[in-house]
Each structure stands twice: as structure tokens, then as C-alpha cells.
**Student:** 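This structure is in C-alpha cells; I'll ask about it shortly.
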Amino acid sequence: MTPRSPGTADPFVEHRSLLFTVAYEMLGSAADAEDVVQESWLRWSAVDHSEVRDPRAYLVRVVTRQSLNRLRSLSRRREEYVGEWLPEPLLTSPDVADDVELADSVSIAMLTVLETLGPAERAVFVLREVFDTPYDEIAEAVGKSAAAVRQIAHRAKEHVAARRPRMQVERAEQEAAVERFLAAVQGGDMQALLEVLAPDVVMVADGGGIANAARKPINGAEKVALFLGTAARLNIEFTGLPISINGRPGARLDIPFDGSTTALSFVVEDGRISRIYAMRNPQKLQRLDEETALQR
């Protein structure tokens with residue numbers, strides 16, 4: 001391997017946050033994304049860097065291929081998952097929220113939609129729509145022709161557009177809805193809770209068979225409010241803290257009684273919460289204590 005000149009940054013180190021973001025958007029799991037990044041580093045360390053014309057494109061290609069391999073191996077594991085499967089939530093910094101397109105692409109709502117795509121479709125969509133990667137580079141990364149990639153990109157874009165939240169809401173409006181939600185839940189105020197929830201709100205929970213969680217989505221404001229009011233009715237003390245989850249206003253609920261934590265992500269439309277993602281599987285909550293750097 002050609003030695004690197006003193007003072008020259010290693011492209012892998014320079015682009016590590018980007019590589020993690022690519023892998024995370026393709027896998028929805030920070031743990032698996034970290035494994036992919038590590039595997040990619042081993043491959044990067046084994047090549048002659050002087051022969052790599054565009055290190056960024058090369059590294060993205062390696063990470064994409066590794067992510068595709070892992071996606072295919074994960075499909076069976078997710079089919080056997082207990083209850084609903086939701087992405088692994090990340091505590092993110094304000095700069096992620098400031099990049100509206102990045103925040104939208106890594107939101108729990110979007111990652112959940114991406115789960116409905118096949119591996120190749122997901123890879124093409126992420127590389128094209130999120131990272132604006134040229135079709136020929138995507139083709140090389142996924143092992144298909146540029147013409148095939150264009151067709152896949154078109155289908156994937158239509159698929160996602162039909163399922164993603166349709167309304168773009170200002171961050172201040174999202175934060176206000178989350179604050180009202182937390183105040184109502186902590187105060188056990190059912191009327192206030194009903195007022196902040198959209199009539200057709202859907203709540204999806206992920207306990208992974210480890211933490212108590214609804215095994216199926218809960219539909220409708222009254223049912224969701226009754227479910228969320230359980231702690232108040234049972235006099236279970238808990239703390240609620242607004243935090244940034246995957247670039248969007250979210251919340252963290254901690255219950256000292258059993259030591260459990262819940263990460264909540266929301267979709268807000270017309271000032272009311274239309275979707276709630278409640279992540280309770282403790283194996284997925286390791287990234288709530290330290291901000292994760294994401295980058296396009």
C-alpha cells in the first residue's frame with residue numbers, strides 16, 4: 001500500500017460520518033451500520049489508495065455493497081421479529097435538523113417507509129434522492145446497468161411518494177405539538193391529549209419481545225389516548241424530555257419504577273400529531289445518550 005503523506009487526512013476518516021449515514025439509511029439500524037462501516041474500513045485498508053481516483057465515490061460504493069449484503073441477510077431476522085419492527089432511533093444535533101432534506105430522509109417516518117422497498121430499490125433511492133449520486137456510480141455500486149437504475153429510481157420514488165407524510169411542517173409547529181403532547185401525558189389530561197392528537201392518529205410501538213409494547217398499531221385518537229393514559233391511571237411516575245430524534249422533535253420517557261425508556265418520534269400535520277412511533281426495545285436505545293453525527 002502506498003504510504004500516506006504526513007499531514008494528509010485519510011479519506012475514510014474524513015468521510016466516516018457520511019459512510020455511517022449511507023449505511024444507516026439503508027439498514028435503519030445504527031448497530032448494523034457501524035458493522036458495515038467497520039467492514040468497509042477493512043476493505044479500504046487493503047487497497048492501494050494511489051489507484052483510487054475518487055475516494056469518496058469508492059467508499060460510498062463499498063459501503064453500499066456491504067449494506068446490500070447485510071440487508072439480504074437481515075430480511076429473515078426481521079420476518080421473525082416479535083411485534084412491529086421500527087428503526088433504531090438516534091439522538092441528533094441541531095445541524096441535522098437545520099438540513100431539512102437530511103432530517104426528512106433520516107426521520108423515523110421515512111425510514112419506516114424505506115422498509116417497504118426491496119434492497120436494490122432502497123439502495124438506489126437513498127443514493128439518488130438523498131445523496132444525489134450520479135446514475136453511473138449507483139449502477140456500479142448495485143451491480144446493474146445505468147438504464148436499469150433509472151427505472152428502479154423512478155419506481156422507488158413513486159413508491160415512497162405514495163407512502164410518506166405529505167405535509168411539510170415548520171419545526172416550530174412540530175416542537176409546539178410535542179410540548180403539548182408531553183404536558184398532556186405528564187399531567188394525565190385526557191382532553192388536552194385528544195386535542196393534540198389527529199382523529200385518525202396511528203401509534204406504532206416496538207418492544208421486540210423484550211419490553212412491554214402493543215404488538216399491533218393502535219388506530220384513532222381515543223384508543224391512542226387511553227393507551228397513553230395508562231401510566232397516569234396507575235399512578236406510575238415517569239419523566240418526559242423533549243429531544244431531537246433523527247433530526248425531528250421527539251421525546252424521551254423514562255420510568256424509574258422498572259428502569260425502562262421509550263423514544264417517541266412524531267409526524268405532525270395541521271398542528272396535530274398524526275403518527276407516533278414508540279421505540280421501547282432496549283437493544284435499540286443505545287444511541288439516546290450521545291449525539292450521532294450524520295452527514296450528506
**Student:** Contact between Phe131 and Leu18 at the side-chain level, heavy atoms closer than 4.5 Å - yes or no?
**Tutor:**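 Yes, side chains in contact.
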
**Student:** Answer yes when Glu269 and Arg275 have at least one side-chain N-carboxylate O distance shorter than 4.0 Å, and no when they do not.
**Tutor:**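 No salt bridge links Glu269 with Arg275.
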
**Student:** Side chains of Pro199 and Arg272: does their closest heavy-atom pair fall under 4.5 Å?
**Tutor:**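 Yes, at least one pair of side-chain atoms sits under 4.5 Å.
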
**Student:** For residues 263-296, which residue pairs qualify under ring-ring contact (aromatic ring centres under 6.0 Å, His included), counting only residues two or more places apart or in two chains?
**Tutor:**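 The answer is Phe181-Phe266.
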
**Student:** Kindly give the heavy-atom pair with the smallest separation between Glu84 and Lys216, and that separation in Å.
**Tutor:**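 Smallest interatomic distance, heavy atoms only, reads OE2-CA, 4.3 Å.
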
**Student:** Given Thr292, which partner from the list Val106, Leu90, Asn246, Thr21 fulfils the side chain to side chain contact (heavy atoms under 4.5 Å, CB included) test?
**Tutor:**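 The passing option is Leu90.
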
**Student:** Is there a salt bridge (Lys or Arg N to Asp or Glu O under 4.0 Å) between Arg171 and Glu175 once you walk through the steps?
**Tutor:** CA-CA 6 Å; Arg171 183 172 179 81; Glu175 291 175 341; 3.1 Å; yes

**Student:** A quick test of your reading: do over 12 heavy atoms of other residues, nucleotides or ligands sit less than 6.0 Å from CD of Glu14?
**Tutor:**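 Check passes, neighbour count above 12.
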
**Student:** Does the plane of the ring in Tyr81 sit parallel, tilted or perpendicular to the ring in Trp85? Use 30° and 60° as the thresholds.
**Tutor:**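 Ring orientation of Tyr81 relative to Trp85: perpendicular.
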
**Student:** To check you understand the geometry: which heavy-atom pair defines the closest contact between Gln174 and Pro249, and what is its length?
**Tutor:**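 Scanning both residues, the minimum pair turns out to be OE1-CD, 3.1 Å.
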
**Student:** Side chains of Leu19 and Phe12, heavy atoms from C-beta outward: is any pair under 4.5 Å?
**Tutor:**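 When only atoms from C-beta onward are counted, Phe12 and Leu19 do touch, with a gap below 4.5 Å.
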
**Student:** Side-chain contact test, heavy atoms from C-beta onward, threshold under 4.5 Å: evaluate it for Trp44 versus His49 and give yes or no.
**Tutor:**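 In short, these two side chains touch, coming nearer than 4.5 Å.
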
**Student:** Suppose the criterion is ring-ring contact (aromatic ring centres under 6.0 Å, His included): which pairs have a residue in residues 90-127, not counting sequence neighbours?
**Tutor:**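 Applying ring-ring contact (aromatic ring centres under 6.0 Å, His included) to every pair that reaches into residues 90-127, excluding sequence neighbours, yields nothing.
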
**Student:** Quick check: closest heavy atoms across Ala109 and Val267, and the distance to 0.1 Å?
**Tutor:**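 Closest approach of Ala109 to Val267: CB-CG2, 3.7 Å.
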
**Student:** Who passes side-chain hydrogen bond (donor to acceptor under 3.5 Å, both in side chains) against Gln191, sequence neighbours left out?
**Tutor:**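 Gln191 satisfies side-chain hydrogen bond (donor to acceptor under 3.5 Å, both in side chains) with Glu195 once adjacent residues are dropped.
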
**Student:** With a sphere of 6.0 Å drawn around CD of Gln283, does it hold more than 12 non-hydrogen atoms of other residues, nucleotides or ligands?
**Tutor:**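 Atom CD in Gln283 is not packed in, count stays at 12 or less.
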
**Student:** Does any non-hydrogen side-chain atom of Leu27 lie less than 4.5 Å from one of Leu74?
**Tutor:**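 Heavy-atom side-chain distance check passes, below 4.5 Å.
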
**Student:** Could you list all the salt bridge (Lys or Arg N to Asp or Glu O under 4.0 Å) pairs where at least one residue sits in residues 139-151, not counting sequence neighbours?
**Tutor:**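 Sorted result for residues 139-151: Arg61-Glu140.
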
**Student:** Check step by step if side-chain contact (heavy atoms from CB on, under 4.5 Å) holds for Asp200 and Asn219.
**Tutor:** CA-CA 7 Å; Asp200 58 350; Asn219 299 277; over 6 Å; no

**Student:** Contact between Ile210 and Pro282 at the side-chain level, heavy atoms closer than 4.5 Å - yes or no?
**Tutor:**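 Sidechains of Pro282 and Ile210: in contact.
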
**Student:** Between His159 (side chain) and Val113 (backbone), is there a donor-acceptor pair under 3.5 Å?
**Tutor:**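 Answer holds: no.
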
**Student:** Are Leu42 and Val52 linked, directly or through other ILVMFWY residues, by side chains that come within less than 4.5 angstrom of each other?
**Tutor:**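 Yes, because Leu42 and Val52 connect within a single hydrophobic cluster, where side-chain heavy atoms sit under 4.5 Å apart.
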
**Student:** Show the nearest heavy-atom pair for residues Val36 and Ser67, with the distance to one decimal.
**Tutor:**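 Scanning both residues, the minimum pair turns out to be CG1-OG, 3.6 Å.
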
**Student:** Among the clusters formed by ILVMFWY side chains lying less than 4.5 Å apart, do Ile152 and Val160 turn up in the same one?
**Tutor:**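 Yes: a chain of side-chain contacts under 4.5 Å links Ile152 to Val160.
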
**Student:** Can you check whether Ser17's main-chain N or O pairs, donor with acceptor, with Gln295's side chain at less than 3.5 Å?
**Tutor:**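 Pair absent, no side-chain N/O of Gln295 close to backbone of Ser17.
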
**Student:** How close do Ala213 and Ala205 get, counting heavy atoms only, and between which atoms?
**Tutor:**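 Distance-wise, the nearest heavy atoms are CB-CB, 3.9 Å.
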
**Student:** Taking Val63 as the starting point, is it possible to reach Val47 by hopping between hydrophobic residues whose side chains are less than 4.5 Å apart?
**Tutor:**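 Yes, Val47 connects to Val63 through the hydrophobic network.
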
**Student:** Side chains of Leu102 and Glu25: closer than 4.5 Å at any heavy-atom pair?
**Tutor:**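 Yes, their side chains come closer than 4.5 Å.
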
**Student:** If you link ILVMFWY side chains whenever their heavy atoms are less than 4.5 Å apart, which other residues fall into the same cluster as Leu226? By chain and number, please.
**Tutor:**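 Besides Leu226, the hydrophobic cluster comprises Met190, listed by chain and residue number.
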
**Student:** Just wondering, do Gln151 and Val149 contact through their side chains at under 4.5 Å, heavy atoms?
**Tutor:**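 Side-chain contact under 4.5 Å: no.
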
**Student:** Quick check on the hydrophobic clustering: are Val202 and Leu194 connected, directly or via other members, by side-chain heavy-atom contacts under 4.5 Å?
**Tutor:**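 No, Val202 does not connect to Leu194 through the hydrophobic network.
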
**Student:** Could you go through the side-chain contact (heavy atoms from CB on, under 4.5 Å) check for Leu253 and Leu241 one step at a time?
**Tutor:** CA-CA 6 Å; Leu253 305 182; Leu241 178 69; over 6 Å; no

**Student:** Please confirm whether the backbone N or O of Met26 pairs with a side-chain atom of Arg122, one donor and one acceptor, at under 3.5 Å?
**Tutor:**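 Looks like yes, one N/O pair under 3.5 Å.
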
**Student:** Salt bridge (Lys or Arg N to Asp or Glu O under 4.0 Å) for Arg280 and Asp206? Distances and angles first, verdict last.
**Tutor:** CA-CA 6 Å; Arg280 306 203 71 238; Asp206 176 351; over 6 Å; no

**Student:** Looking at Asp289, Leu285, Thr262, Ile245, which hits side chain to side chain contact (heavy atoms under 4.5 Å, CB included) with Arg252?
**Tutor:**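 Checked Asp289, Leu285, Thr262, Ile245 against Arg252; only one passes side chain to side chain contact (heavy atoms under 4.5 Å, CB included): Asp289.
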
**Student:** Is any NZ, NE, NH1 or NH2 atom of the basic residue among Glu115 and Arg163 found under 4.0 Å from an Asp or Glu carboxylate oxygen of the other?
**Tutor:**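 No, this pair does not count.
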
**Student:** With a 4.0 Å cut-off on N to O distance, would you call Arg248 and Asp104 a salt bridge?
**Tutor:**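 Yes, Arg248 and Asp104 are salt-bridged.
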
**Student:** Quick check on Asp258: does its CG atom have over 12 non-hydrogen neighbours (other residues, nucleotides or ligands) under 6.0 Å away?
**Tutor:**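 Check passes, neighbour count above 12.
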
**Student:** Verify the cluster assignment for Val100 and Val268: are they in a single hydrophobic cluster under the rule of side-chain heavy atoms below 4.5 Å apart?
**Tutor:**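 As far as the 4.5 Å side-chain criterion goes, Val268 and Val100 are not connected within one cluster.
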
**Student:** If a pair satisfies ring-ring contact (aromatic ring centres under 6.0 Å, His included) and one of its residues is in residues 93-121, list it, with sequence neighbours excluded.
**Tutor:**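 For residues 93-121: none.
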
**Student:** Determine, stepwise, if the pair Asp99 / Glu101 fulfils side-chain contact (heavy atoms from CB on, under 4.5 Å).
**Tutor:** CA-CA 6 Å; Asp99 186 336; Glu101 290 185 3; 3.9 Å; yes

**Student:** If you compare all heavy atoms of Pro89 against all heavy atoms of Ile108, which two are closest, and at what distance to 0.1 Å?
**Tutor:**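 Minimum heavy-atom contact is CA-CD1, 4.2 Å.
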
**Student:** For a side chain to side chain contact (heavy atoms under 4.5 Å, CB included) with Val124, tell me which candidate from Leu117, Ile138, Thr64 qualifies.
**Tutor:**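 Exactly one candidate clears the test, Ile138.
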
**Student:** When you check the gap from the basic side-chain N to the acidic O, do Glu39 and Arg65 get nearer than 4.0 Å?
**Tutor:**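 No, this pair does not count.
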
**Student:** For a side-chain contact (heavy atoms from CB on, under 4.5 Å) check, start with the C-alpha distance between Asn69 and Arg72, then their side-chain angles and the critical distance, and finish with the verdict.
**Tutor:** CA-CA 5 Å; Asn69 291 338; Arg72 293 172 180 127; 4.0 Å; yes

